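The structure appears right after this line, and notes come after that.
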Amino acid sequence: MPPSALEAVAESQGRTQDNGRKRVIVVGLGMVGVAFIEKLLDRDAVAREYSILVLGEENHVAYNRVGLTEFFAHRNVKDLYLNPESWYTDMDSTRFAYRIGIKVSGIDREHKSVVCADGKSFAYDILVLATGSDAVLPPDVATQGGKGVFVYRTISDFEQMIDWAERLDEGGIITKKRAIVVGGGLLGLEAAKAVKDMERFDDVTIVHRSKWLLSQQLDEVGGSFLVEKVRETGVTVRLSTEIKKIQWDDDKRLTSVTYQDGTTEDCQMLCYAIGIRSRDAIGAAAGLTCHKRGGIIINDQMKSSDDSIYAVGECANWREQTFGLIGPGVEMTDVLTWNMTQAKLHAPRSFTEPDLGTRLKLMGVDVASFGDFFADRNGPKKLPGRHGKKAKSAPTKDDVRALTYQDPFGGIYKKLIFSADGKYLLGGILFGNVSEYTKFNALVKAGRPLDKSPSEFLVGARGDDDAQVCSCHNVSKGALVVKIRDGTCKSIGELKSCTKAGTACGGCESTVKGIFNAEMKAMGAEVSNALCIHFSMSRADLFNVIMVRKFTTFEDVMKNVSTNPMASGCEICKPTIGSILASVYNRHVMDTQVHGLQDTNDRYLGNIQRNGTFSVIPRISAGEVTPEKLIVLGEVAKEYNLYCKITGGQRIDMFGAQKQDLPAIWKKLNDGGFESGHAYGKSLRTVKSCVGTTWCRYGIGDSVGMAVRLEERYKSIRSPHKIKGAVSGYVRDCAEFHNKDFGLVAVQAGFNVFVGGNGGMKPAHAQLLQENVLPDRVIALLDRYLMFYIRTADRLQRTARWLEALPGGIEYLRDVIVHDKLGICAELEKQMQELVGSFFDEWNVAIKDAKKKSAFRQFVNTDKRIGTIETVSERGQPRPADWPAELHMKTFVARHGQMKCGSPHPRYDENGSAYISCPLHKRNYILSNGEKAGSCKDDDAQSITTFEAKEEDGQVWLKLPPGVFAPYNATAEALGSDPTSGSNPNRIVKGAFIEGYPNTTVLEGVKAASYMVEMVKKYPGQVSIYATGAMTNVALAVILDDEFARRAKELVIMGGYVDDNMYQATGTTNEADINSDINLMIDPEAAKIALTAPFPKITIAGNVANQGIASQDFQAEIYQVKNSYSKLIHDYYPTIFPFWDETAMALLIDPTLATNTSIVYMDVDTAYSSPSYGNVHVYQKALMPPNVRTVHYVNTIDAKRFKNMIKNAVQYPKTCADLKKL
Ligand SMILES: Cc1cc2nc3c(=O)[nH]c(=O)nc-3n(C[C@H](O)[C@H](O)[C@H](O)COP(=O)(O)OP(=O)(O)OC[C@H]3O[C@@H](n4cnc5c(N)ncnc54)[C@H](O)[C@@H]3O)c2cc1C
């Protein structure tokens, strides 16, 4: 019995209680009644508006009626309880009380109270009737009142049946016993199983009016399969018949029955399972409108004809229907409790046509039906998508197609019903194997077009190894996994270069990394995830250490946990620690102790733009803005001549603010009610929203209200990367939640919450974290999710990549965040609460703090300012002036191995020494002269090459070391081998021409690039540019003069380092293994500039030179005509070498020499950190990346003719006089 403390609450007669809560009385503690109570307690947990009293007639708390049949096995009713008794007794007594074994006998609507059979009455504000139904007996049977006839609905019914069966032998006269169950539907089959389990009967018979069993749920094929299975269990099945007459003995005990066809059978127990009738008596007696076939009539909100009385479950009649299944009853409680608790924050809900699909285990057989499972027999109830809208008349069975699978051996039957075009799954029936029920049911409910053909649903789908990881090189996950597992690739670099995944656009790099790490881990290998050279731990570990050990400054962290406590950190760990400290303590990013840790944008609380000005983006939560605030923005923009643009996150971006103006601008914005929008920080940007129920005709959720709440809550929190959110008020998704770090879409039952979406370089669809989240639970869920992300993600890792890398992915995240698998949810929520509770507006603080404000001055020692920014007007707004076409490059690109840095911004450390930072690799390099020049401040493994430089005559001169092409050249000069040129790097010296020096003028002081530009200008369309070495000078000429390439006749290149793309492009193995030439690789940027410049034609003569080897015989042949040139060739030209330069030059002179040329597209890999950096990639048209152009790649030449050309040129050389004749 309930404790007495509860009774006081329950019996209180006052209209309102001391605590101001509304009193809810529930009549009937059955399956639906308890579902209502659970939901109301849950949904009212935050607002606490109600207290509940439930009155139940049965002597048990709510039990699982669906599992009644199991009772026979255990005979312990407690095993059937839906909630243990402690659930009832431990409940907060001010919110919930219960009484069992008490029947409500009447309702006093006038005084709003219920009267019980024992005379007690209880007051209500809201009355909920959940009285269920009675199992019906045929009227004539009911009136006969004989012994041995039962119904099967309650524990008590079952106990009586057991008792009867067990006492049948008492007289000892019955030799053969039979039990008959009337009704072959769901309840009949359950009852038959129960009776069979009793093992008291020699025969159990099911009598059913239809041609097959379970005719409400199965079609004839499925039903026939079931009949067969039931018969296999030893139960007799009599179909298409009824019991006409019952015979009794003198003691009114059942003896036999007679069927429709006149057959009479002995029978000792008869159980009717032919239907139910709603228990509406107390409602009807109180004057509530009831249906003639039973049931308290309710509207779509479950309200009866009395505004204070509702009915749910089997006792209710909705649109002339009562439902004998638990699903619709629970759905009713969902609607009702929703409207009682959440409808203030969300659109109210209505009950709609329920899902009558079922998944059952009957007599040991799995059976399921879902969706519109008789659509092929009766025609579909409705058609989804455009079909439904286009239809002029009601759809018929011609609008659907069914696919069936029958396995009589395995006892499996599957029927799937699709729209006629195969695009939508409408419903189906599963027999024997119902494992796909959930999936199919979800597909039907989603009502979305299918992504595969109907037949695939019958035969199964492909595994995720086929999933494409790298779309540039079409590399699947499986291809990566194989290379890792077979040991070919032991590092990410090896994996990338071997499979090419991640080497083109780089967008899949983190996915590749994730797959590599996961596979290595699965293989038991250790994968280092150290943050940087200064920390041997990951960002997530560092976060925990900082949080637990309460470090508050960068110095603390370095001193206590860095691998080098004396180090000053690097461009990786400094902002990371800055961000962690901000996430844990939320200090102002301009505070002295942390200011130095921030990225540039954070330092000045604004995003720096390409002309050095800053953007100003105030917060406009959810995009909702008043006219007054718009005016403030307009005034500020006008005063400071700012360019205005609406951002994708629904706010107004004002560009072109000068650093020194930022405080004044923000002061005005602050005064106008604006706060910082944190567009500069790795923090929450915006929560985009559609207008939802505020304006939209379709809106079912208050998307604006929710988005405002979320944006206001999470504004300013610092995280591993920026975060964006969205809330859509309806599935049309106008707020585009799918590509957001968190996205909500309003559904009838609340919000479906998606996480891990991403736009940007590698878009990712957000994944469903939890559906039907109550509006007032969204914040708790997101608190956990965001804090878990903040704590565990890697630096600069967006939620999408983090989720991808999380072992177990979304399921794991769901376990942690929704099911609290790690038991940390309360802590995550608490931590987030502390963080958001410490909010302050960074700009508001900055403009009031003289020290912080001074950081924005143009000059440190004066308030004077000079104008340095040049703008132009475009479409009525200012924008930065274009960069000059003639760009004087003062930025040096220095390279060491694959590390490149280009920075025009030297910085100075505390000792005044200059250094530059590579913004991409986050490393600092020393610029000062001396031994350390070029070395990395933070990482001994890295360095850059620096050159001495001087400025003279307005030019910057670099002193390049001799043998800049080292290590290749080292083989000749540096090793002392001196073929012809001695120590002169100009190589062509008089001494080399033993028999005579050609009559050539050396253009002293003329630079190759400017000379080429000059010549091409002078002789447009006539000058062929011939490159036999690095493309540096050609590229320089292209940069010096925009018209250079276009005006030249052509570019002919000797060289070409190609890979096996070449094989695919040209189809010849001859070229497939060419890697003999360094001319393109030596200066990849230059090669890229030259190869993509608009030369009218580019010809590449690479390994085609292999066709003209300088053999001993050929040299002897040449020397048959003796002159200084043939002697030079004969004596000095190495015999094993191809005529590289000669081949290319011959092709320049006579292109018809080429016998096979492929027109291909060529590109040079200049992507930072690409393992194939410097490689030339050759593409066929179908695969080419953007911005590459055609190149004539010569595959073969007429080698005989070529050798003759050489022979003639050397034996009978042209003189200057000959040239003049030309
Ligand atoms: C054997 C069996 C198997 C089933 N199997 C399935 C199945 O597989 N799938 C499925 O979907 N459904 C199944 N059902 C149906 C399902 O159990 C019902 O739909 C569900 O129990 C209905 O819940 P309810 O709360 O409306 O009614 P009930 O569960 O019947 O609860 C009503 C309660 O109200 C009490 N009550 C009535 N009048 C008063 C009063 N005046 N004062 C106080 N108390 C009162 C009753 O005693 C009862 O305890 C099965 C039913 C049975 C009997």
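From a predicted model like this one, the values you see are computed outputs, not experimental measurements. Whatever order the structure lists them in is the order used to number ligands and atoms, beginning at 1.
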With respect to [X], determine whether any N or O atom, backbone or side chain, lies less than 3.5 Å from an N or O atom of ligand 1.
| X | answer |
| --- | --- |
| Tyr152 | no |
| Glu58 | yes |
| Val27 | no |
| Arg153 | yes |
| Thr358 | no |

*Between Val66, Leu187, Ile282, flag the one that comes closest to atom 51 (C) of ligand 1 by a heavy atom.*
Leu187
*Taking atom 41 (N) of ligand 1 as the point of reference, which of Val104, Leu29, Ile326 owns the nearest heavy atom?*
Val104
*Specify side chain, backbone, both or neither for Arg279, according to which of its non-hydrogen atoms lie closer than 4.0 Å to ligand 1.*
side chain
*Measure the distances from the heavy atoms of Ile102 to every atom of ligand 1 and state whether one is below 4.0 angstrom.*
yes
*asked:* Check contact between Ala130 and ligand 1, using heavy atoms of the residue and a distance below 4.0 angstrom.
replied: yes
Would you kindly say whether [X] and [Y] are connected by a side-chain donor-acceptor distance under 3.5 Å?
| X | Y | value |
| --- | --- | --- |
| Asp157 | Thr154 | yes |
| Lys112 | Ser308 | yes |
| Asn83 | Glu38 | yes |
| Glu228 | Ser224 | no |

For [atom], what is the closest protein heavy atom, and at what distance to 0.1 Å?
| atom | value |
| --- | --- |
| atom 27 (O) of ligand 1 | Gly132 CA, 3.2 Å |
| atom 19 (O) of ligand 1 | Glu314 OE2, 2.4 Å |
| atom 8 (O) of ligand 1 | Leu360 CD2, 3.0 Å |

*What's the spacing between Asn339 CG and Asp334 CG if we round to 0.5 Å?*
9.5 Å
Pair [X] + [Y], salt bridge at N-O below 4.0 Å:
| X | Y | answer |
| --- | --- | --- |
| Lys445 | Glu771 | no |
| Glu265 | Arg178 | yes |
| Asp219 | Lys415 | yes |

*Numbering the atoms of ligand 1 from 1, which are under 4.0 Å from a heavy atom of Val32?*
23 (O), 24 (P), 25 (O), 26 (O)
*In a check of side chain to side chain contact (heavy atoms under 4.5 Å, CB included) between Asp44 and each of Gln342, Arg95, Arg21, which one passes?*
Arg95
